[in-house]
Every structure is written in C-alpha cells, then in structure tokens.
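Just so we're clear, the structure is a prediction, and the values are computed from it rather than from any experiment. Here is the naming used below: chain letters follow the sequence lines, and residue numbers restart at 1 for every chain.
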Protein chains: 2
Amino acid sequence: MAVAGQRRRRKEERPGEIVEAAFEEFARSGFAATKLDDVAARAGITKGTIYLYFPSKEDLFLATMQEMSRPSREHLAALTAAPQGSAMTILRTHFAFEYAQMVEDRRTREIIRMLLAEVSRFPDLVERWRAEVIGPEVEALRRVVRYGIERGEFRPSAAEEFPHLLFAPVIMACTWRLMFGDDHAIDGPAYLAGHLDLLERGLTGGSRPNPSLQTAGLSE
Amino acid sequence: MAVAGQRRRRKEERPGEIVEAAFEEFARSGFAATKLDDVAARAGITKGTIYLYFPSKEDLFLATMQEMSRPSREHLAALTAAPQGSAMTILRTHFAFEYAQMVEDRRTREIIRMLLAEVSRFPDLVERWRAEVIGPEVEALRRVVRYGIERGEFRPSAAEEFPHLLFAPVIMACTWRLMFGDDHAIDGPAYLAGHLDLLERGLTGGSRPNPSLQTAGLSE
DNA sequence: CCTTATTGACTGCCTGGTCAGTTATTAGTA
DNA sequence: TACTAATAACTGACCAGGCAGTCAATAAGG
C-alpha cells in the first residue's frame, strides 16, 4: 500500500500542514482561545505530533505568522524599484496589487487582525512587521510622490509627508471586511476605481493635471 | 470614618468601577486571556463581588463594550442633522471630531480593536455596532456629499457611492496607532490637515473650488 | 441586632505540555 | 522471498496548573 518514502515525505509536509491548520484556528479564535487539540484535529493528527515540530504554542503562533506573511514581503520588492514613467500609473498598479492582497486575500486580512489583536502579547512580531513591511512601503510611496512632484505631475501636498493618506482606503476596506464579513464587503473594483479617482484629483489638484504646475521639460 | 449613605453609594458605583477595570484588562489581553481575578484586583475588590453585579464573564464583556461605545453613539447625532452652509465646512467639523474620537481617544481605539478581535465570539455585538453606529454614519456622510453636489460645491464622484473613502484616513490613523503604539503615532493636526486638503481637492476637483461648478449665491 | 455588601476558600473543568508505548517503514540477513 | 532488528513518526493517556463560577461565613452600616 504505502509508497516508498511516504514516511519521509510526511515528515517534510507535516510542519506545513500544522501551520496551515493553526492559521485557521488562530484566525478564528485568537491566540488564547485556540486549543491545540483543535489545531491537531484540523490537521488530521494528534496534539503530541505538534510538539514533535514546534516546541510550544507560542512558537507555533510565531511560525504561522512568519509563514503566512511571506507574500506581503515578496510583494513589497516590486514597489522599491526606481520609479519610471507616470507616477500616477505606478500608483495605480501598486494599489491594484495592494487591494487584491490586503482586501481580497483572506490570508493577509487575517494576519492584520491577529497583529492588531495580539500586539500586547507579541510586541516584537508587530515591531518586525512595521520595520520590514509597512515602514519600507511608506517610504517607497513617499519616493513615488516626490518623483511625481519633481516631474511636475503632482502638486506638493500632504501626501509627501503622510503617504499613509494614499493607502488609507485600502486599510479601510480591509478592516471593514474583517469586521463585517464578506456579506457586507464593499464592492471591490468600483471602490478601487473611486479611490484612484479621488487620489488623482487630490494629488494633481485638478480634474486633469494642472498645466501651470507642469514644466514641459520635466514631463517624461 | 464612613460617610452616611456610603454603603448605598458603593452599590451604585460598583458596576461602573468594575466595567472601568474590565475595560482596561479586556483591552490589554483580549476576552479569552483576561482573568476576572485581575479585573477584580484592578477594581480593588474580589472576584466574588463581580458576580454580584454581572452574571458571567461574557455579560461583563458585553456591558463593558456597551458602556464604552456610548460616546460614539452620542457623537453620531450631531452629524445626522439637516446640512446647512458649506458642505466642506460640515466635513471639516465632522472629521475634526471623528479624528479626536477615533484616533486620539484611547477608549474608542480600543473598542475598535476588541470589535475586530472578538467578532467570531460576539457576532451580534459587531452587527449592532454596524447597524447603529457605522451604518448611519456612512449614510449621513453620503447625504452631506449629495448636498455638496446639489449645491455645486462638489463634483460628482465615487464619494457619493462610497463615503467610506472620506473617513478612510481616520480609520487608517486609528489602526496605525492601535498597532504601533503612541510612540510611532502619526502627527495629529498635520495629518488631519493633510487629509482635509486632499479631500477638498478630490471632491471639488481643483486646487480651489472650481468656479465653473460653483453658483455664486450658494457659496457659504 | 438585623441587613446586606463583600469576601476568600473551594470545586470542577479545561488545556498546554509530557512521555512511555505503538505502529509503520527501512535495512539487514540468510 | 521471508524473517528479524532497528529506526523514526505518531499516538493517547496522563499530569499539573490555571481559571470561571459558587457559597457559607464575615463584617460593616443602620
């Protein structure tokens, strides 16, 4: 019956299966209320097995968060490249990605929930996430805004000091969906389009880029 | 020693004191990890006393959330009045209030955290909050936007369909501070000013209200 | 002395963590 | 191929501590 090497393959796959199950349980119930027996049951194993791969509940939680936030870290790389072309186009592309990730991807959403819920128990986790994911993202956005201003595409605005204002609608939609569930979710594409529209008007200062702010030679 | 009627007064004050202490503990540790012994200690009483006033931990939690979210409910009333004067002025006033409440007031912030963290355990609580607080607020904002459009002050925009876009920066600052603490908090007044600036440009579609959209007699 | 708010010791359950034992797989031997 | 030994993954019964909830006893008003 058993394929050769199946035993070894199990050993390689187990941690991933456990993390997967743990994620679901932690996301549903939070760290404290999650029972390792439930995690084990979901993974189709027993509690004892969990302890073959993870030394404690806290370690399992940390490993789970680490593993599940990997996509965010990878995504970030795309934004940090040197900006080229229209700044607004860069922003459009970026926010389309970010929206898909932070609002439409349940995984990332739940990561946010857990970070918010467990800060006081795992302050280091949140600090790392700030330093390695969100901080760089804010800086990258700031660079794009400056680039847009230099190009004459954007007017100077508070977005330079607070790039947070630019992705606020994404966070908004993310927390909205976290709280009220998929049933009351805001309509994705239309909302994103509205966000980008308001953004463009806000940054350029007119329904079309204001000519008086634009130096011919600087426009790419 | 004892003032006349002190006994009775204690009985009247106890529930409030307990709720106060419970709020701090629930906010710090979440529902599951909070120990009623700790709540009692913080309130300067014993666990037994809690059960004289609240039938269970869950009831205490619900009572705490109810009590602590009262300011939000009261604040809402101000917005639902019939709009008068400049729509942008209404928005400015409203967001100044909302910012003070959702970002600078620790209480309200923590309410948000708990709602996010405990949705799956207390779905009714969140649903009520949506129906009684946030829902009406969105509708009220939508009315202000429509009013601004009718007046010729605002151009038609996605803000009519998604008033969420307008207060997104407030939510953003709220969650930011929830996650990263007061140390990394975004600078309040400047951020608010930037928000309102981008908002105005976005809604009116120009660096100054576009004259072609504005009827002289209507400007505040 | 009666009333009543409060106590604090107690119970029972729950759950993180342990570990001796079981079972499946592979290696070795003839 | 058949049998045995060695190994490694996994189990499940168990313990210890912690905590929600209880209640007879206490003590502070009036």
Side-chain angles (χ1 to χ4, degrees), chain A residues 1-65 114 118 120-122, chain B residues 1-65 114 118 120-122:
Chain A
M1 261 340 71
V3 183
Q6 181 167 340
R7 200 76 186 262
R8 194 178 315 125
R9 193 150 64 242
R10 293 312 275 164
K11 174 161 189 183
E12 281 159 11
E13 288 171 3
R14 277 287 185 242
E17 295 170 5
I18 295 171
V19 159
E20 179 68 32
F23 174 78
E24 298 298 335
E25 294 295 321
F26 283 137
R28 182 192 319 277
S29 318
F31 177 80
T34 292
K35 300 172 234 181
L36 289 189
D37 278 315
D38 289 353
V39 173
R42 182 182 282 268
I45 56 175
T46 334
K47 189 169 57 173
T49 304
I50 295 179
Y51 282 88
L52 295 178
Y53 298 95
F54 302 93
S56 73
K57 190 184 181 185
E58 292 207 351
D59 284 279
L60 174 59
F61 183 79
L62 290 170
T64 302
M65 291 294 277
M114 288 189 270
E118 315 289 352
S120 57
R121 193 187 290 256
F122 300 96
Chain B
M1 263 357 56
V3 183
Q6 182 166 340
R7 200 73 183 266
R8 195 177 316 125
R9 194 148 64 241
R10 291 315 275 164
K11 174 159 188 182
E12 279 160 13
E13 287 171 3
R14 276 288 185 242
E17 294 170 6
I18 295 171
V19 159
E20 179 68 33
F23 174 77
E24 297 299 334
E25 294 296 320
F26 282 137
R28 182 191 319 279
S29 318
F31 178 81
T34 291
K35 301 172 232 181
L36 290 190
D37 278 314
D38 289 352
V39 173
R42 182 183 281 267
I45 55 175
T46 334
K47 189 170 56 174
T49 305
I50 295 179
Y51 282 89
L52 296 177
Y53 299 95
F54 302 93
S56 73
K57 190 184 180 185
E58 292 208 349
D59 283 280
L60 174 59
F61 183 80
L62 290 170
T64 302
M65 292 293 277
M114 288 189 271
E118 315 289 353
S120 57
R121 193 189 289 256
F122 300 97

Of the nucleotides [options], which one has an atom closest to the side chain of [X]?
{"X": "A/Tyr53", "options": "C/dT6, D/dG21, D/dA9", "value": "D/dA9"}
{"X": "A/Lys35", "options": "C/dT15, D/dA20, C/dA5", "value": "C/dT15"}
{"X": "A/Thr46", "options": "C/dT18, D/dG21, D/dT11", "value": "D/dT11"}
{"X": "A/Arg14", "options": "D/dC10, C/dG17, D/dT11", "value": "D/dC10"}

Practice task
Identify the heavy atoms of B/Thr34 and B/Lys57 that sit nearest to each other, and give their distance.
Solution key: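 Taking B/Thr34 first and B/Lys57 second, the nearest heavy atoms are O-NZ, 2.9 Å.
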
Inset, instruction - Considering non-hydrogen atoms only, spot the tightest contact between B/Ala63 and B/Phe54 and give its length. - result: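 Closest approach of B/Ala63 to B/Phe54: CB-CE2, 3.7 Å.
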
Item to check | Under-3.5 Å donor-acceptor pair between B/Lys47 side chain and D/dA20 base | outcome: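 Looking at the base of D/dA20, it does pair with a donor or acceptor on the side chain of B/Lys47 (distance under 3.5 Å).
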
How is A/Leu52 classified with respect to the nucleic acid when contacts are heavy atoms under 4.0 Å: base, sugar-phosphate, or nothing?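 Since a base atom lies under 4.0 Å of A/Leu52, the category is base.
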
Reckon A/Phe54 touches a base, only the sugar-phosphate, or nothing at all at heavy-atom distances under 4.0 Å?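 Nothing: the residue A/Phe54, judged by heavy atoms under 4.0 Å, touches no strand.
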
_Candidate list B/Glu25, B/Glu20, B/Glu17, test salt bridge (Lys or Arg N to Asp or Glu O under 4.0 Å), partner B/Arg42, passing option_ =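 Only match with B/Arg42 under salt bridge (Lys or Arg N to Asp or Glu O under 4.0 Å): B/Glu25.
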
Calculate the interatomic distance between [X] atom [atom1] and [N] atom [atom2]; express it in whole Å.
{"X": "B/Asp37", "N": "D/dT22", "atom1": "CG", "atom2": "C1'", "value": "13 Å"}
{"X": "A/Ile18", "N": "D/dA9", "atom1": "CD1", "atom2": "P", "value": "12 Å"}
{"X": "B/Leu36", "N": "D/dG18", "atom1": "CG", "atom2": "P", "value": "16 Å"}
{"X": "A/Lys57", "N": "C/dT18", "atom1": "NZ", "atom2": "C1'", "value": "17 Å"}
{"X": "B/Asp38", "N": "D/dA20", "atom1": "CG", "atom2": "C1'", "value": "13 Å"}
{"X": "A/Ile45", "N": "C/dT23", "atom1": "CD1", "atom2": "P", "value": "19 Å"}

Using 30° and 60° as the class boundaries, would you call the ring planes of A/Phe26 and A/Phe31 parallel, tilted or perpendicular?
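The arrangement is parallel - the two ring planes meet at less than 30°.
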
More 5' along DNA chain C: A/Gly48 or B/Gly48, using each one's nearest nucleotide?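 Looking at the nearest nucleotide for each, B/Gly48 comes out on the 5' side.
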
